[in-house]
Amino acid sequence: VASYEKHGFGLNLMELRESHTPIGMCGLLKREELPEPDIGFALLPDFCSKGFAFEAAAAVLHDARERLRLQRILAITSLDNEASIKLLERLGFKFERVIELAADREPVRLFSLDHSQQ
């Protein structure tokens, strides 16, 4: 709620349309360590690899471009999260570099999507 009040965006519950069963979350975050908002998504294991993350992330990106008028969106993944890397690439994100968000945390891959270049 605080993120929505401060930034106008945050994480959204993902649920099945027919049964309203919660299956995960997807949305935008604004981390202090990153200069622009980043997209995040997580699904319960039974709902992975079924297209739900792509559908939700595409809707979040559409809202970011159309309503929020965000020009650039970031994304981070663990170094070996091939499923998320492939999803980000399908959505149009480009790998930038490996970064550390904090000295005591594992390195992550940083991706970006620039709406002004689409």
Indicate the atoms forming the closest heavy-atom contact of [X] with [Y], along with that distance.
X	Y	result
Leu87	Ala53	CD2-CB, 3.6 Å
Cys26	Met14	CB-SD, 3.7 Å
Leu91	Phe54	CD2-CE1, 3.5 Å
Pro22	Phe47	O-CE1, 4.4 Å
Tyr4	Leu11	OH-O, 3.1 Å
Ser3	Gly10	OG-CA, 3.8 Å

Rounded to the nearest 0.5 Å, what separates atom [atom1] in [X] from atom [atom2] in [Y]?
X	Y	atom1	atom2	value
Lys86	Thr77	NZ	OG1	13.0 Å
Gln71	Arg65	CD	CZ	10.0 Å
Met25	Leu44	CE	CG	9.5 Å
His62	Leu68	NE2	CG	11.0 Å
Lys50	Glu55	NZ	CD	14.0 Å

Side-chain heavy atoms under 4.5 angstrom apart, residues restricted to Ile, Leu, Val, Met, Phe, Trp, Tyr: same cluster for [X] and [Y]?
X	Y	value
Phe93	Leu43	no
Leu70	Leu61	yes
Phe111	Val108	no
Phe41	Leu28	yes
Leu74	Leu29	no

* To do: With side-chain contact (heavy atoms from CB on, under 4.5 Å) as the test, would you mind laying out the steps for Phe9 and Ile39 before giving the verdict?
  => CA-CA 11 Å; Phe9 56 78; Ile39 192 167; over 6 Å; no
* Would you mind reporting whether Arg72 and Ser112 have side-chain heavy atoms less than 4.5 Å apart? => yes
* To do: Answer yes or no: does atom CD of Glu66 have more than 12 heavy-atom neighbours from other residues, nucleotides or ligands under 6.0 Å?
  => yes
* Would the number of heavy atoms belonging to other residues, nucleotides or ligands and lying under 6.0 Å from CD of Glu33 be above 12? -> yes
* To do: Show your working on side-chain contact (heavy atoms from CB on, under 4.5 Å) between Arg31 and Asp38 and close with a plain yes or no.
  => CA-CA 8 Å; Arg31 301 172 203 262; Asp38 68 290; 3.0 Å; yes
* **Verdict with reasoning, Leu34 to Leu101, per side-chain contact (heavy atoms from CB on, under 4.5 Å)** => CA-CA 8 Å; Leu34 295 175; Leu101 293 176; 3.8 Å; yes
* Step by step, work out the side-chain contact (heavy atoms from CB on, under 4.5 Å) result for Ile73 and Glu36. => CA-CA 6 Å; Ile73 308 279; Glu36 285 97 19; over 6 Å; no
* **Backbone N/O of Leu79 and side chain of Arg109: donor-acceptor pair under 3.5 Å** => yes
